[in-house]
2 protein chains.
Amino acid sequence: MTDDERTEPEFLAGYSPGDYPAVAVTVDVVVLTVRDAALHVLLVRRGEHPYRDRWALPGGFLRPDESLDEAAARELADETGLTAGTAGTAAKADPPGSAGTAPGGARVHLEQLASYGDPERDPRMRVVTTAYLAFAPDLPEARAGSDAAGAAWVPVSALGLPAPDDDAAGARPVRQARSATRRLAFDHARILLDGVERCRAKLEYTPLATSFVTEPFTLAELRGVYEAVWDEPLHPPNFRRKVLSVPGFVESVGGTTERGGPRGGPRAALYRAGDARLLHPPMLRTATEERIR
Amino acid sequence: MTDDERTEPEFLAGYSPGDYPAVAVTVDVVVLTVRDAALHVLLVRRGEHPYRDRWALPGGFLRPDESLDEAAARELADETGLTAGTAGTAAKADPPGSAGTAPGGARVHLEQLASYGDPERDPRMRVVTTAYLAFAPDLPEARAGSDAAGAAWVPVSALGLPAPDDDAAGARPVRQARSATRRLAFDHARILLDGVERCRAKLEYTPLATSFVTEPFTLAELRGVYEAVWDEPLHPPNFRRKVLSVPGFVESVGGTTERGGPRGGPRAALYRAGDARLLHPPMLRTATEERIR
DNA sequence: CGAATAGTGTCTGTCAGACATTATTCC
DNA sequence: GGAATAATGTCTGACAGACACTATTCG
């Protein structure tokens, strides 16, 4: 209210962009997958000056003639070889058909996460980054290393991030001393945390868990995704009943697995993703007091 | 996979930002409020060259030493005189205490919406904008016009946007011929649509409906917010039972209104927002086939 | 008084969580 | 055969939607 004399058109057209120092725009991608019953993120080892040898999210500068979505898809392809179906900036999940298909038949979901523009976030210059979030099925170990020299899947739990629901209380002993545990470059820990939180939430009300598995999949595999991302065990019979009761979540593909489980059990029926974009009713996590307040 | 020779560090540090044309970063704010039982958005009339005389979202260039959140709060304050509590980029709703308070006791919720970077979105130059979403209580009519010359609250329904849940099917007769109906500048219609969709969704699982009313409020007022935003009538008794059963959504403040309703009826009890950040269980809309698929 | 609204009570169908049970397959 | 797992069935408590009803206040 102190500078009432400034009127609104100035903010839309009166300011010449040349009056301000250049702002660089980058795109970073949080690629999540589930391996060995744990949530993993794709990281690259930085070889250059700021934060050298630290792990970072894959990303790069926005090019002159590409949109943010295109830049994110390009970064994802460069690092993983996967083609992406982008959901754009809309709040909705993308329709099943828009998901890209890679050589291995992998479907990749890619959506915008958020933008980060703290003046201090890059020591070199002013950089605003738009982060994207991708859900990939478990890829062959080789995949990550083929295109990107220093890339690796790192368990999210090994990064010493604040626990799922206490990011306010940052005081938490970081026990692991592995190299992956070193703090991420820039503000990438914050970005990753936002991505993981978004992922957890989206499993509740969208069918995106199916983006973490390859089709056809069993209900046990799908349940494994929920258990890994939410980090809590689920009741197999109830999970089954719930999933099948949500219209359009999954649809039976007819057959069964070739063999039963590794330690016995009958062959599981196979499913593929249905045509629902939203789950009704949603797969609700049990209310945790810390998460609610 | 065609340019396998490019390795990952190039994308993080190998590209000199000077190699690319400058990108301007702006911030736009979708300020929503409920007036006369209808959802309204704050728009400004453009006085300058591209899209002159069109309505646009309030916004402006990011300044050298401010974060995106700060820029959005500044724009919001310039246009409405309201101080904002920013939820930042996190997925969570902000705690009740962080909401700003304006002279009139108004609480304003401000959160990041999404970023838009299509190369063609501004005819003048390359502009990437980060959109924010604000929920304001109903403000005195004078408020909008005081600081911003050409600002006005415009009913969202008067803008000829695609209907809530058929943005794919764009063919829809636009009947209103009022000046407000002219298409918004730039891609602001798309941004507004995303904001409205986000708003609708957030009423389901967060207590943000309380950001649209001034404390203390009655349950009828709160119900009016849901009805205006969702554009569907709700059963008063069931709404009441549901709201009161969600822990931390609202808490009784003790008294009642001075008078009954304008057309009769007893005095309503008064409430204020509780300390919940998420609603458990959520206030679910009835499943609409179009929204789900 | 008549109309409108706040608030309470109740019924019913659906669903979540927990548990028991059967069938199938691996070792 | 023993163990593990897929799939089905059942019970119970909680909740959503619908409706009836009472109480209060305005005009």
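All values derive from a computational prediction rather than experimental measurement. Quick note on labels: first sequence line is chain A, next is B, and so on, each numbered from 1.
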| Over how many whole Å does the gap from E232(B) atom CD to dA16(D) atom P extend? | 15 Å
| Under 4.0 Å between a side-chain N or O of K242(A) and OP1 or OP2 of dA16(C)? | yes
Can you tabulate the close N/O pairs, meaning under 3.5 Å, that link protein atoms to atoms of nucleotides 10-12 of chain D?
none

| field | Nearest-angstrom distance from the residue atom CZ of R240(A) to C1' of dA20(C) | value | 17 Å
| said: Going by side-chain hydrogen bond (donor to acceptor under 3.5 Å, both in side chains), name the residues that satisfy it together with E251(A), two or more places apart in sequence or in a different chain. | reply: R272(A)
| Looking at residues at least two apart in the chain, or sitting in another chain, which of them share a side-chain contact (heavy atoms from CB on, under 4.5 Å) with A268(B)? | T218(B), T257(B)
| Does the side chain of T206(A) come within less than 4.5 Å of R277(A)'s, by heavy atoms? | no
| task | Only counting residues at least two apart or in another chain, list the ones meeting side-chain contact (heavy atoms from CB on, under 4.5 Å) with L244(A). | result | L219(A), R240(A), V250(A), Y271(A)
| Length of the NE2-C1' vector between H235(B) and dG9(C), whole Å | 14 Å
| field | Rounded distance (Å) that lies between atom P of dT14(C) and atom CG of L284(B) | value | 17 Å
| task | Would you mind classifying the nucleic acid contact of T286(B) as base, sugar-phosphate or nothing, using non-hydrogen atoms under 4.0 angstrom? | result | sugar-phosphate
| task | In whole angstrom, give the distance that lies between atom CD of E221(B) and atom P of dG7(C). | result | 11 Å
| Can you list, by residue number, the residues of residues 246-256 of chain B that have a non-hydrogen atom closer than 4.0 angstrom to DNA chain C? | none
| request: Identify, with sequence neighbours excluded, every residue that meets salt bridge (Lys or Arg N to Asp or Glu O under 4.0 Å) alongside E232(B). | output: none
| field | Nucleotide-resolved protein contact map, nucleotides 20-27 of chain D, B/S/- at heavy-atom distance under 4.0 Å | value | ----BBSS
| said: Among residues at least two apart in sequence or on other chains, which ones pass ring-ring contact (aromatic ring centres under 6.0 Å, His included) with Y226(A)? | reply: W230(A), F239(A)
| task | Apply salt bridge (Lys or Arg N to Asp or Glu O under 4.0 Å) to E221(A) and list each qualifying residue two or more places apart in sequence or on a separate chain. | result | none
| task | Could you state the atom-to-atom distance from CG of L222(A) to P of dT5(D) in whole Å? | result | 17 Å
| Would R190(B) and D194(B) pass as an ion pair if we require N to O under 4.0 Å? | yes
| query | What residues form a side-chain contact (heavy atoms from CB on, under 4.5 Å) with H280(B), not counting sequence neighbours? | reply | A287(A), R291(A), I292(A), L278(B)
| Just how far, in rounded Å, is P of dA18(C) from CZ of F239(A)? | 16 Å
| note | Note: for L244(A) and P281(B) on DNA chain D, the residue whose nearest nucleotide lies more 5' is L244(A)
| note | When rounded to whole Å, the CE to C1' distance for the pair M283(A) and dC15(C) reads 13 Å
| query | Excluding sequence neighbours, so at least two apart, what forms side-chain contact (heavy atoms from CB on, under 4.5 Å) with A134(B)? | reply | V29(B), V31(B), L76(B), V108(B), L110(B)
| request: Return the set of residues passing side-chain hydrogen bond (donor to acceptor under 3.5 Å, both in side chains) with R241(B) (not counting sequence neighbours), or none when no residue passes. | output: N238(B)
